[in-house]
Amino acid sequence: MKLEANVILGKCYNKELYGMRVQKINNDWIRTWSFPVREETAAEEGFDHVQITGSFLAAEDYPGCPYCEEKRFIVCGSCHKISCYHGEKISTCQWCGNVSRVDFQNSLEVSGGGY
């Protein structure tokens with residue numbers, strides 16, 4: 001069976017960029033590890049063009065954000081990019097600055113890039 005994996009980008013609350021490796025297992029995307037990444041490297045590797053739809057469960061040993069260690073994230077309703085989530089009810093997207101109420105979903109559409 002062919003392994004299906006990819007890297008999606010996230011931003012920490014301090015606007016630091018990181019990559020999040022996801023692997024498809026039984027029709028779910030599982031977050032397996034994360035790492036700091038520079039914008040130039042993300043663009044060179046094509047991480048900024050990744051678009052994935054589905055659930056994004058965390059593996060048992062997923063370390064979370066490499067900066068704040070948070071394992072939860074939000075997806076902006078405007079730009080569809082990922083930011084760390086720290087339990088707030090109103091959140092500001094670290095990518096586009098959109099401010100919105102946090103709403104929980106089972107399936108997400110995420111997009112990388114557009115620094």
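We use all heavy atoms of the structure for the numbers below, so side chains are in, but hydrogens, waters and symmetry mates are not.
- Here the side chains of Val7 and Glu45 are not in contact, with every heavy-atom distance at 4.5 Å or above.
- Under a hydrophobic-cluster definition in which Ile, Leu, Val, Met, Phe, Trp and Tyr are linked whenever side-chain heavy atoms come within less than 4.5 Å, directly or via other members, Val50 and Val22 are assigned to the same cluster.
- Remark: side-chain polar atoms of Ser34 are paired, donor with acceptor, to backbone N or O of Gly64 under 3.5 angstrom.
- The side-chain contact (heavy atoms from CB on, under 4.5 Å) search around Glu69 returns none, not counting sequence neighbours.
- Residues Ile8 and Trp29 are not in side-chain contact: their nearest non-hydrogen atoms beyond the backbone lie 4.5 Å or more apart.
- Going from atom SG of Cys96 over to atom NE2 of His80 covers 10.0 Å, rounded to the nearest 0.5 Å.
- Between atom CG of residue Leu9 and atom CD of residue Glu39 there is a gap of 9.5 Å, rounded to the nearest 0.5 Å.
- Of all heavy-atom pairs between Asn14 and Tyr67, the closest is ND2-CB, 4.2 Å.
- Distance check, rounded to the nearest 0.5 Å: CD1 of Ile52 to CE of Met20 gives 10.0 Å.
- Scored by the side-chain hydrogen bond (donor to acceptor under 3.5 Å, both in side chains) test, Ser91 finds Glu88 as partners (sequence neighbours excluded).
- Every residue meeting the side-chain contact (heavy atoms from CB on, under 4.5 Å) condition with Tyr13, not counting sequence neighbours, appears here in chain and number order: Cys68, His86.
- The salt bridge (charged side-chain N to carboxylate O under 4.0 Å, His left out) check on Arg21 picks up nothing, with sequence neighbours excluded.
- At a threshold of 4.5 Å between side-chain heavy atoms, the hydrophobic network of Ile, Leu, Val, Met, Phe, Trp and Tyr places Trp33 and Leu17 in one connected group.
- Across every non-hydrogen atom of Cys12 and Cys84, the tightest pair is CA-SG, 3.6 Å.
- From Arg38, atom CZ reaches atom CD of Glu16 across 12.5 Å, with rounding to the nearest 0.5 Å.
- Looking only at side-chain heavy atoms (C-beta outward), Ser78 and Cys93 stay at 4.5 Å or farther from each other.
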Pairs under 3.5 angstrom only: tabulate donor-acceptor contacts from the side chains of residues 56-63 to other protein residues two or more places apart or in another chain.
none

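- For CG of Asn27, the number of neighbouring non-hydrogen atoms (other residues, nucleotides, ligands) closer than 6.0 Å is 12 at most.
- Remark: side-chain polar atoms of Asp28 are not paired, donor with acceptor, to backbone N or O of Ile30 under 3.5 angstrom.
- Partners of Ser100 according to the side-chain contact (heavy atoms from CB on, under 4.5 Å) rule, which considers only residues two or more places apart in sequence or in another chain, are Asn98.
- In terms of heavy-atom proximity, Arg101 sits nearest to Ile90 at CA-CD1, 3.8 Å.
- Between atom NZ of residue Lys11 and atom CD of residue Gln94 there is a gap of 8.0 Å, rounded to the nearest 0.5 Å.
- Separating the CD1 atom in Ile74 from the OG1 atom in Thr92 is a distance of 8.0 Å, to the nearest 0.5 Å.
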